[in-house]
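Per chain, numbering begins at 1; letters A, B, ... match sequence-line order.
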Amino acid sequence: DTGVSQDPRHKITKRGQNVTFRCDPISEHNRLYWYRQTLGQGPEFLTYFQNEAQLEKSRLLSDRFSAERPKGSFSTLEIQRTEQGDSAMYLCASSLGTSGGAAGETQYFGPGTRLLVL
Amino acid sequence: AQKITQTQPGMFVQEKEAVTLDCTYDTSDQSYGLFWYKQPSSGEMIFLIYQGSYDEQNATEGRYSLNFQKARKSTNLVISASQLGDSAMYFCAMRVEGYQKVTFGTGTKLQVIP
């Protein structure tokens with residue numbers, strides 16, 4: 001039973017560079033989420049996909065951030081022109097949803113990508 | 001808007017003892033789900049247990065159980081027979097019916113002492 005995987009696990013970059021993270025959800029899961037977690041905080045919602053459609057974006061997701069899920073399977077999160085404030089853990093989660101958003105639908109998380117912007 | 005409050009930044013517990021981690025929430029919605037996740041130092045968020053707003057019985061899952069008090073809007077996590085491997089951050093979270101976003105608290109760091 002393969003869980004959610006993320007790559008890379010760690011990324012160090014210089015300010016102004018672009019970075020891209022990948023997330024592979026649990027295979028039968030149709031919903032995929034990206035969260036950001038800064039030190040001492042809980043994860044904060046960034047965006048959500050149902051299959052290949054990006055259905056919700058948080059106001060935290062500035063125009064330097066873009067996420068895709070081209071074939072409804074894996075997803076990528078790109079950050080352009082990185083800033084030191086982008087340093088955080090980026091978590092991906094997936095769930096199996098039917099209709100709407102049942103309150104009990106559990107999101108399963110990957111190990112995260114730790115980004116450090118110098 | 002939903003809000004989760006975890007007032008205990010850190011907790012210590014002796015190995016084999018039980019510990020309660022507090023969580024209160026705020027929402028005007030009637031149908032919602034409450035979750036607890038464990039985050040070890042490796043970073044992965046591990047799902048532990050779920051309680052629905054309409055569930056009349058407290059959820060249990062192995063050594064984990066919830067003390068759900070709907071009128072007080074609290075859902076405290078009880079870990080029985082603590083083990084050294086339970087040392088981690090614990091996050092309380094909420095999801096409202098019809099929405100995909102999960103709102104998390106700031107977490108409680110639990111340390112199990114041998």
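Applying the 6.0 Å contact sphere to CG of A:Leu116 captures more than 12 heavy atoms from other residues, nucleotides or ligands. Open room surrounds CD on B:Glu61; 12 or fewer heavy atoms of other groups in view lie less than 6.0 Å from it. Environment of CZ in A:Arg15: sparse, with no more than 12 heavy atoms of neighbouring residues, nucleotides or ligands closer than 6.0 Å. The local environment of CD in A:Glu68 is sparse, with at most 12 non-hydrogen atoms from other residues, nucleotides or ligands closer than 6.0 Å. For NZ of B:Lys70, the number of neighbouring non-hydrogen atoms (other residues, nucleotides, ligands) closer than 6.0 Å is greater than 12. The 12-atom threshold is exceeded at CG of B:Leu84, counting heavy atoms of other residues, nucleotides or ligands nearer than 6.0 Å.
Once rounded to the nearest 0.5 Å, the distance linking OH of A:Tyr108 with CD1 of B:Ile46 reads 12.5 Å. The CZ atom of A:Phe109 sits 5.0 Å away from the OH atom of B:Tyr37 when rounded to the nearest 0.5 Å. Note that the CD1 atom of B:Ile49 and the OG1 atom of A:Thr106 stand 11.0 Å from one another [nearest 0.5 Å]. From A:Cys92, atom SG reaches atom CE of B:Met45 across 13.0 Å, with rounding to the nearest 0.5 Å. In this structure, the separation between CZ on B:Phe91 and CD on A:Gln37 is 4.5 Å, given to the nearest 0.5 Å. To the nearest 0.5 Å, atom OG of residue B:Ser42 and atom CZ of residue A:Arg114 are 8.0 Å apart.
For A:Glu44, no part lies near chain B; criterion is any non-hydrogen pair under 4.5 Å. In this structure, chain A has a heavy atom under 4.5 Å from the side chain of B:Gln39, while its backbone stays farther away.
A chain of hydrophobic side-chain contacts below 4.5 Å, direct or via other Ile, Leu, Val, Met, Phe, Trp or Tyr residues, connects B:Val13 to B:Tyr64. A continuous path of Ile, Leu, Val, Met, Phe, Trp and Tyr side chains, each step under 4.5 Å between heavy atoms, connects B:Val96 with B:Phe68, placing both in one hydrophobic cluster. There is no path of hydrophobic side-chain contacts, each under 4.5 Å, that joins A:Phe21 to A:Leu91.
Of the residues considered (B:Gln51, B:Lys109, B:Glu44), B:Glu44 shows the highest number of contacts with chain A, using heavy-atom pairs under 4.5 Å. Interface check for chain B: of the options A:Gln41, A:Gln107, A:Met89, the most heavy-atom pairs under 4.5 Å are formed by A:Gln107. Of all the listed residues (A:Ala93, A:Pro43, A:Gly42, A:Pro111), the one sharing the greatest number of non-hydrogen pairs under 4.5 Å with chain B is A:Pro43.
Between B:Phe104 and A:Phe45 there is no side-chain heavy-atom pair separated by less than 4.5 Å.
Between B:Lys101 and A:Glu56, no side-chain nitrogen of the basic residue sits less than 4.0 Å from a carboxylate oxygen of the acidic one, so the salt-bridge criterion is not met.
Looking at every heavy atom in both residues, A:Tyr33 comes nearest to B:Gln100 through OH-OE1, 3.1 Å.
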